[in-house]
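Remarks on the structure that follows.
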Amino acid sequence: MTPVAAQQDAVSYYHKLMEDPAVFSDEHVAQLQERMRQERVVFGERYLCPFLRPHFITERQFSYVNDVTRIILSAVKKVENLALTVPALQDALDLTPREKELVKVDNRYGKASPTSRMDTFLTEDSFYFVEYNAECPAGIAYNDKLLKIFLDQPIMKRFQDRFPLRAMYSMEKVYDCLVGSYRKWGGTKAHPTIAITDWREVPTYVEFEYFKQLFEERGCQTIICDPRTFELHDGKLYHDKTQVDIVYKRVLSTELFEKEAEVQTLLDAYRQQAACFINSFRCKLLHKKLLFAVLQLPEMTKHFTPAEAKAVRDHIPWTHQVVEGKVDHFGDNIDLLPWILKHRNNLVLKPNDEYGGKGIYIGWDLDDAAWEKALQVARQAPPGHVYLVQERVKTSREDFPDRERNVAPRYVDLDPFIFDDGITGFLTRLSDTSLCNVTSGGGQVPTFILQGG
């Protein structure tokens, strides 16, 4: 049986089990929802997972995704290393002056993004990366909770009699990355103090509380705090008179820069290496969506191994900054702006450094007039806020039941959490629209691996 056939067989069996009141009655559905409420698996005020089944992939699919991801990350690491010293590459990524300044600060642990996430689509015959979240990604703790919640359901226990599953948990790996990076940075405390920092009002605040619980179980005093509340004394970083050794920087760098006067202490602490920051501001070299355009530059490709070059060709969609004039498109010299207008049904316009689906224009969801307006926005974007155009990739759709048991096709993106250059778990998002994003209204389900598939 092919991996896709095995996956479909598992889905069909799960949906069949849903018809058995002994394992999936309305009472069971209510219990599942109540468990999510108790565990606070929410995004703001709404359920993060409004669906009744998890996502499944086979072992062979996982192995394929993991192998390709490792090769792409190897190519990405070469971009990181070169961009540290090549100003032209920093310009190609559209780094701002402030970002260029902070990139120069040595994070002392040798990796721009110890914790990160790739956004991908896996289909029957394709696997594409569409973005790289190289800041500290959200969703890790929620995913671990969802894995456990679903495993405890009667339907999953029955399901595993026929389809044994493997769950990939990620929270422990975050702890390993934080402490491991701290050791490489030069930290010597057996149990360093960790500050999880982001704005108090963010909808993912519950996730910080779960991390605090885990870190303190491992012996590390942990503070959840606003980035405006730090103090710096004699080269040491403090919060409310407690010295901070590790800053788990969940706040986005761009948001810090927007409030630079209010977070100056935190930025100065980074410059002085008063604490170990994870991820460091060097993550901006990789977090920019133009990273994919840089991966495709001829002058970059010459640094790749044949396997890396092939992986970029096969798994990265054509990407280019929106600019006036002619550019290369797989060997063809095209006049970019008229070409973008002509090929609306095959293109996406994205801001280089945004999140949550903000500012994205999906060509095939717009009419010609709306697309022309979108291009005007993109072409007029100032330096530091430029737009890119990216070719459409094949997306995945699967039938998923919602809380009312209505089964409908949903778009599915499979986003690997990456630690130490390998995959440990997934953020899997479902959406009724082409834009798979929790912030934009989508939902999250856990992904289980079908053992032996």
Side-chain angles (χ1 to χ4, degrees), residues 55 57 61-80 93 111-123 126-140 142-143 168-170 173-174 177 252 278-279 282-296 304 307-308 310-319 348 350 352-357 360 388 390-396 411-431 434-439 442 444-447 449:
H55 181 243
I57 61 172
Q61 285 174 318
F62 171 74
S63 180
Y64 173 68
V65 167
N66 194 38
D67 289 347
V68 173
T69 300
R70 283 182 177 275
I71 296 171
I72 291 292
L73 287 171
S74 178
V76 166
K77 181 62 178 176
K78 291 179 177 178
V79 171
E80 175 190 334
L93 292 164
K111 185 181 296 183
S113 300
T115 72
S116 62
R117 189 189 75 222
M118 283 285 189
D119 292 356
T120 78
F121 287 99
L122 175 68
T123 72
S126 68
F127 177 50
Y128 276 100
F129 301 80
V130 291
E131 291 181 11
Y132 185 29
N133 185 336
E135 300 249 20
C136 292
I140 294 171
Y142 291 130
N143 184 64
M168 297 186 71
Y169 298 101
S170 305
K173 196 63 179 177
V174 171
C177 274
L252 293 172
I278 303 166
N279 288 340
R282 285 188 170 180
C283 72
K284 299 304 293 184
L285 293 169
L286 308 180
H287 189 70
K288 301 286 188 176
K289 294 180 178 68
L290 278 171
L291 170 69
F292 285 6
V294 170
L295 282 170
Q296 295 169 333
F304 296 156
E308 291 165 351
K310 184 178 188 303
V312 170
R313 286 196 307 271
D314 292 349
H315 302 284
I316 301 291
W318 183 82
T319 306
V348 178
K350 299 179 179 182
N352 187 33
D353 196 356
E354 268 293 1
Y355 70 99
I360 293 179
L388 57 100
Q390 189 174 81
E391 285 197 310
R392 185 178 189 174
V393 302
K394 189 174 181 181
T395 53
S396 173
Y411 289 96
V412 185
D413 73 348
L414 184 71
D415 305 334
F417 294 121
I418 300 163
F419 311 95
D420 297 329
D421 301 325
I423 294 174
T424 307
F426 296 92
L427 171 69
T428 305
R429 298 175 293 193
L430 308 183
S431 177
S434 304
L435 185 61
C436 287
N437 193 285
V438 173
T439 304
Q444 179 178 343
V445 294
T447 288
I449 299 172

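We count residues from 1, following the sequence as given.
When all heavy atoms of Y64 and F127 are compared, the closest pair comes out as CE2-CB, 3.8 Å. Nearest heavy atom pair, residue I316 against residue Q296, reads O-NE2, 3.3 Å. Taking all atoms of both residues into account, the shortest heavy-atom contact from S126 to K394 is OG-CB, 3.7 Å. Nearest heavy atoms, L427 versus G139: CD1-CA, 4.5 Å. Of all heavy-atom pairs between E354 and K289, the closest is O-NZ, 2.7 Å. Shown here for L291 and Y132, the closest heavy-atom pair between the two residues is CD2-CD2, 3.7 Å.
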Original post:
Run the salt bridge (charged side-chain N to carboxylate O under 4.0 Å, His left out) check on E135 and K284 step by step: do they pass?
Top reply: CA-CA 8 Å; E135 300 249 20; K284 299 304 293 184; 3.5 Å; yes
Original post:
Do L73 and I418 pass the side chain to side chain contact (heavy atoms under 4.5 Å, CB included) test, and can you show the C-alpha distance, the side-chain angles, and the key distance before you say yes or no?
Top reply: CA-CA 9 Å; L73 287 171; I418 300 163; 3.5 Å; yes
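Remark: R282 pairs with no residue by the side chain to side chain donor-acceptor pair (under 3.5 Å) rule, at least two apart or across chains. Qualifying side chain to side chain donor-acceptor pair (under 3.5 Å) partners for T319, counting only residues two or more places apart in sequence or in other chains: Q390.
Between the D413 side chain and the R429 main chain, a donor and an acceptor come within less than 3.5 Å of each other. Side-chain N or O atoms of N133 include none that pairs as donor or acceptor with a backbone N or O of D119 at under 3.5 Å. Of the possible donor and acceptor atoms, none in the side chain of T123 sits under 3.5 Å from a partner among the backbone N and O of T395. The backbone N or O of F426 sits less than 3.5 Å from a side-chain atom of N143, completing a donor-acceptor pair. Remark: side-chain polar atoms of S113 are not paired, donor with acceptor, to backbone N or O of C283 under 3.5 angstrom. Side-chain N or O atoms of D353 include none that pairs as donor or acceptor with a backbone N or O of H287 at under 3.5 Å. Formation of a donor-acceptor pair under 3.5 Å by the K78 side chain with backbone atoms of L295 is not found in this model.
Of the inter-residue distances, the one linking I57 atom CD1 with M168 atom CE reads 8.5 Å to the nearest 0.5 angstrom.
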